[in-house]
Each structure stands twice: as structure tokens, then as C-alpha cells.
Number of protein chains: 2
Amino acid sequence: MATRRAPKLDKKQAVDTALRLLDEVGLDGLTLRAIARELDVQAPALYWHFKNKQELLDEMATEMYRRMVAGQRIAPGATWQERLTAASTGLRTALLGYRDGAKVYSGSRFTGTEHAVRLEENLQAFVTAGFTLPQAVRALTTAYLFTLGFVTEEQGVEPAPGERRDGFDVTERAARMADFPLAATAGAELFQDFGQGFEESLRLLIAGIEARYGVA
Amino acid sequence: MATRRAPKLDKKQAVDTALRLLDEVGLDGLTLRAIARELDVQAPALYWHFKNKQELLDEMATEMYRRMVAGQRIAPGATWQERLTAASTGLRTALLGYRDGAKVYSGSRFTGTEHAVRLEENLQAFVTAGFTLPQAVRALTTAYLFTLGFVTEEQGVEPAPGERRDGFDVTERAARMADFPLAATAGAELFQDFGQGFEESLRLLIAGIEARYGVA
DNA sequence: AAATCTCCTTAACGGCGTTAAGTGATACGG
DNA sequence: CCGTATCACTTAACGCCGTTAAGGAGATTT
């Protein structure tokens with residue numbers, strides 16, 4: 001009674017391969033045929049494991065989240081400020097870890113309920129810190145959605161770390177904007193040092209939560 | 001000397017038609033052939049006016065912005081808080097005005113420099129109110145990117161006002177989340193009353209700007 | 001009248017997501 | 001030990017996509 005020969009393909013491996021390929025070819029190049037080729041399989045084989053391409057993308061987003069959570073260690077005694085900052089910068093780093101990461105991620109939905117573990121933890125920590133549940137939800141959601149918007153824009157300008165999309169050379173942009181001096185200067189502020197800008201925005205948000213919800 | 005026969009197609013009309021069609025068929029259904037059909041023209045004709053589909057989408061995003069600005073009247077004596085709120089809720093309303101509005105908008109880039117007029121105005125107002133330029137940029141950008149993230153998520157759950165994507169029935173979601181009581185309750189908070197949630201987030205942000213930059 | 005320019009048409013290319021049908025290996029019921 | 005069912009794939013094909021090539025009709029210029 002030999003066990004059934006292992007299938008060529010399993011879900012986990014397909015998702016891992018797709019994520020690796022994403023970095024090489026970007027979202028536009030991430031076709032089912034290309035993924036299949038990488039897995040040494042014909043494209044329709046993927047339909048045995050995923051009901052369609054979106055379901056594969058959903059699994060990819062879920063796996064991105066899983067890896068992010070696995071890579072985050074939050075100190076047990078962390079303040080809510082530290083927790084919110086860690087969650088947000090962690091999400092940004094995770095999304096920046098893949099070409100078009102933000103687009104893939106925010107165009108998809110988690111499968112299962114695994115993701116709720118960390119969410120529950122975060123909400124719990126906030127409630128313990130003195131927030132009402134609606135306040136906790138609002139605070140965390142605001143940071144979360146800001147981060148998604150931020151990285152989407154960031155990757156629109158800088159698809160992969162280092163390379164820059166056309167029309168976003170900072171000095172050339174400043175020239176085009178000559179009639180709008182403040183906006184021209186703003187360009188440099190906006191399109192350089194994304195990391196610093198991101199952290200400053202988080203500080204703004206945290207200051208607002210402290211002020212408005214009275215939890216310091 | 002009769003004037004040259006008017007061309008069947010002009011850029012402005014093509015963009016308007018594409019935006020109207022977007023509402024009917026969504027971004028996935030917005031193909032060049034469908035747009036061309038609506039314009040009573042063959043698909044390749046569009047390549048006379050646009051270098052490729054992305055350029056048409058860029059023009060669509062620019063037109064969305066143009067209409068948004070045209071529809072906004074800011075009181076001359078408005079405070080920076082009112083201005084930031086008006087800009088953000090105005091952007092949200094504008095994006096919600098089109099099916100997949102946020103995706104189209106944030107996947108595209110403005111053509112020309114027309115958009116800088118309003119940006120310059122806003123920066124000017126903030127500087128006059130006592131902000132440094134980097135502070136003004138940070139404040140406005142944070143609100144802007146949060147809004148993009150928010151509406152992207154909102155339209156992911158509710159593609160068109162009223163209709164809801166699968167898996168986002170609020171009570172059904174709560175059932176799936178039974179093991180995570182806070183997260184389950186959070187769902188109701190998150191996926192209902194988007195408008196109220198949005199405004200509360202803005203208030204958080206404004207409170208943070210006041211607190212951190214000391215401009216009340 | 002010839003040449004040119006403008007703006008569109010027809011035809012076609014390669015590639016896409018997806019479906020239908022078939023096929024060989026493995027497990028299981030008699 | 002054999003037939004049948006099930007699993008996990010392959011091959012073939014469909015309709016559609018963005019885009020390019022080539023051409024042509026009409027207005028304008030020479």
C-alpha cells in the first residue's frame with residue numbers, strides 16, 4: 001500500500017512561486033501561464049487548486065500578511081503608540097518587499113480568518129490601554145488605510161527600490177512647476193525620503209489620537 | 001474655402017465618454033473596443049489621440065480632478081481645518097462618483113500642470129496660517145493619501161453605492177469571526193457608515209496637526 | 001493637378017483568462 | 001485480481017484584449 005504519488009503542485013508552493021515571480025516581472029507580467037511555466041506545469045493546472053486568478057492573488061495577499069506578522073516581534077509591554085507604529089511601518093516594509101506589493105495587497109481579500117488573530121490582539125491592547133472599542137478601531141484603521149495609500153503612491157513613483165518611473169525626476173519636475181513655487185518645492189519634499197515622510201505622518205496621527213481620545 | 005470637416009473624435013469627448021462608460025461597466029469592462037463602440041469609431045482610432053490606454057486613463061484621472069476642483073467652493077476666509085476637511089471629503093465624494101474611481105485615479109498620473117493651481121493655493125493657505133512649507137506638505141499629503149487608501153478600500157467592499165461585494169455581509173462576517181469577539185464587532189464598525197468613519201479619521205488627523213505643529 | 005496631411009478603417013498579431021474534454025496513475029470495492 | 005472511480009494533470013480551443021501595420025478618403029497645400 002504505497003501512498004498516492006505526491007501531486008506535482010500544491011497550493012503553498014504555487015503561492016510562493018507566484019510571489020517570487022512577482023518581483024521579477026511585476027503585476028502586469030504575472031500571468032497564469034508565466035506562473036505555470038515556473039512551476040513546470042500547464043496553465044490550466046492552476047485551476048485545479050484555485051478557482052480563478054483572483055483567488056490566487058487572494059492567497060498571495062494572505063501569505064504576504066502571514067509573513068509580515070511572522071517577521072514582527074512586539075514587545076509584551078509595548079505602549080499603544082509603539083504598537084501602532086510597529087504595525088504601520090511593518091506593513092509598509094512588507095509591501096515594499098514585493099514589486100507592486102501594495103497593488104496586489106489592496107486589490108485582494110484575505111482567505112480564512114487567520115489574519116484576525118493579530119487584529120484581535122491589537123484591538124485588545126488598545127482597549128486595555130483605555131480606548132473604547134470604536135476608538136480603537138478608528139485609530140488602527142486610520143493608520144492602516146493611510147499606510148496602504150502611502151505605499152501605493154510610493155510604489156507608483158518607485159516601482160522597485162532604486163528605479164524611478166518616468167516623469168518623476170525631482171529636478172525636472174521642479175522645472176515643469178516653475179509657475180507654482182510652493183508646489184515645486186513640495187515635490188522634493190514628497191518624492192524623496194519616503195521613509196521619513198511616512199514616519200512623520202504617523203507621528204501626526206498618533207498625536208491626534210492622544211489629543212482627541214485623551215489616551216496618552 | 002470651407003473649413004476642414006470636423007473630426008469625428010476629439011480628446012475631450014473621448015475622455016467624457018470613457019468616464020460615463022466606466023460607471024456602467026467598471027474598470028475591468030472598460031476596454032478600448034467598448035469605448036470606441038460608444039464613440040461610433042473603431043478601436044485603433046483612439047491611438048490617433050492617445051499614445052496608449054494608460055494615457056487615456058491619465059486623462060480620465062485628470063478630468064476627474066478637474067471636475068472635483070470645479071465643484072468645490074472654498075470660502076475665502078476658511079480656516080486650514082475647513083480647507084483640509086473640504087479637500088478630503090471633496091476628493092472622497094469625487095472618487096465615489098465613479099465606479100472603481102479610486103483605482104482609476106490612483107493608478108494614473110495627471111497630465112499637464114493644471115492640478116498644481118489648487119495645490120499651490122492650499123499650500124499657500126497653510127503657510128499663511130503659520131505652517132512651515134514642509135509641515136504644510138506633510139499635513140496635506142497625509143490627508144490626501146489617507147483618503148486614497150480609504151476610498152480604495154471602501155469601493156473594494158461597495159463597488160457601487162448600495163451593492164455589496166461577496167463576503168461582506170456584516171452579520172455573516174461576524175459569524176465567521178466568532179472566535180475573535182473584538183474583531184467581529186469591529187467589522188460592523190468598519191463596513192458600515194463609511195462616511196462617519198471617514199470624518200472621524202479626518203478629525204483625528206486634524207487634532208494631530210494642531211497638537212504637533214502648534215497651529216490652532 | 002499633384003502632393004501632402006489628417007484622421008480614420010480594416011486586418012492582423014501575440015497573448016490573456018478561462019473552459020471543455022481527454023488521459024494516465026493511483027486507490028478501492030467485488 | 002480486476003473493473004471502476006477519483007485525482008491531478010494535459011491538450012486544444014474560445015473569445016477577448018491592447019497594440020501595430022497598412023491603406024484610403026477627403027481636405028489642404030503647392
Side-chain angles (χ1 to χ4, degrees), chain A residues 1-19 21-22 24-61 99-100 103-104 107-109 111 159 165-166, chain B residues 1-19 21-22 24-61 99-100 103-104 107-109 111 159 165-166:
Chain A
M1 151 181 172
T3 70
R4 177 183 275 274
R5 188 194 42 168
K8 284 178 82 168
L9 213 55
D10 75 309
K11 225 161 167 153
K12 171 95 169 66
Q13 181 204 355
V15 170
D16 288 353
T17 300
L19 279 173
L21 188 59
L22 176 62
E24 296 172 22
V25 299
L27 182 53
D28 282 353
L30 192 76
T31 68
L32 293 181
R33 285 173 228 263
I35 297 167
R37 197 180 311 124
E38 211 77 4
L39 290 162
D40 223 18
V41 134
Q42 301 303 312
L46 292 166
Y47 283 81
W48 185 259
H49 302 273
F50 307 95
K51 112 166 182 290
N52 53 34
K53 186 179 183 180
Q54 187 56 55
E55 194 172 292
L56 170 55
L57 289 167
D58 289 348
E59 294 292 349
M60 289 171 67
R99 167 120 69 129
D100 297 319
K103 258 203 186 113
V104 171
S108 305
R109 299 288 147 190
T111 61
R165 218 171 97 160
D166 280 358
Chain B
M1 159 195 158
T3 69
R4 172 183 279 274
R5 185 194 43 170
K8 281 178 83 167
L9 212 54
D10 76 308
K11 224 160 168 155
K12 172 96 170 65
Q13 180 205 355
V15 170
D16 288 352
T17 300
L19 279 173
L21 188 58
L22 175 62
E24 295 171 25
V25 298
L27 182 53
D28 282 353
L30 192 76
T31 68
L32 292 180
R33 284 173 228 262
I35 297 167
R37 196 179 312 123
E38 211 76 3
L39 291 162
D40 222 20
V41 135
Q42 301 304 310
L46 292 166
Y47 282 82
W48 184 259
H49 302 273
F50 306 95
K51 115 167 180 291
N52 52 33
K53 186 179 183 179
Q54 186 56 55
E55 195 172 292
L56 170 54
L57 289 167
D58 289 348
E59 294 291 351
M60 289 171 67
R99 168 118 72 128
D100 298 319
K103 257 201 184 113
V104 171
S108 304
R109 299 289 148 189
T111 61
R165 220 172 94 159
D166 280 356

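Proteins come first, then strands; the chains are lettered A, B, ... in the order of their sequence lines, and each starts at number 1. The figures here come from the full heavy-atom set of this structure, side chains too, leaving out hydrogens, waters and symmetry mates.
- The side-chain hydrogen bond (donor to acceptor under 3.5 Å, both in side chains) search around A/N52 returns none, not counting sequence neighbours.
- Applying the salt bridge (charged side-chain N to carboxylate O under 4.0 Å, His left out) rule to A/E55 yields no partners; only residues at least two apart in sequence or on another chain are considered.
- With sequence neighbours left out, B/R109 forms a side-chain hydrogen bond (donor to acceptor under 3.5 Å, both in side chains) with A/E153.
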Detail all sub-3.5 Å separations between protein N/O atoms and N/O atoms belonging to nucleotides 19-22 of chain D.
from, atom 1, to, atom 2, distance (Å)
D/dT19, OP2, B/Y47, OH, 2.6
D/dT19, OP2, B/K53, N, 2.9
D/dT19, O5', B/Y47, OH, 2.8

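- D/dC7 atom C1' lies 10 Å from atom NE2 of A/H49, rounded to whole Å.
- The listed nucleotides are C/dT10, C/dC8, C/dC16; the one nearest the side chain of B/Q42 is C/dT10.
- Counting to the nearest Å, the P atom of C/dC7 and the NZ atom of B/K11 are 12 Å from each other.
- Partners of B/K12 according to the side-chain hydrogen bond (donor to acceptor under 3.5 Å, both in side chains) rule, which considers only residues two or more places apart in sequence or in another chain, are B/D16.
- In this structure, B/R37 places its CZ atom 11 Å from C1' of D/dC16, rounding to the nearest Å.
- In this structure, A/F50 places its CZ atom 11 Å from P of D/dC9, rounding to the nearest Å.
- D/dG18 atom C1' lies 19 Å from atom CH2 of B/W48, rounded to whole Å.
- Applying the side-chain hydrogen bond (donor to acceptor under 3.5 Å, both in side chains) criterion to A/D100, with sequence neighbours excluded, gives no partner residue.
- In this structure, the side chain of B/R99 does not engage the main chain of B/L27 through any donor-acceptor pair within 3.5 Å.
- Straight-line distance from the CG atom of A/L46 to the P atom of D/dC9: 9 Å, rounded to whole Å.
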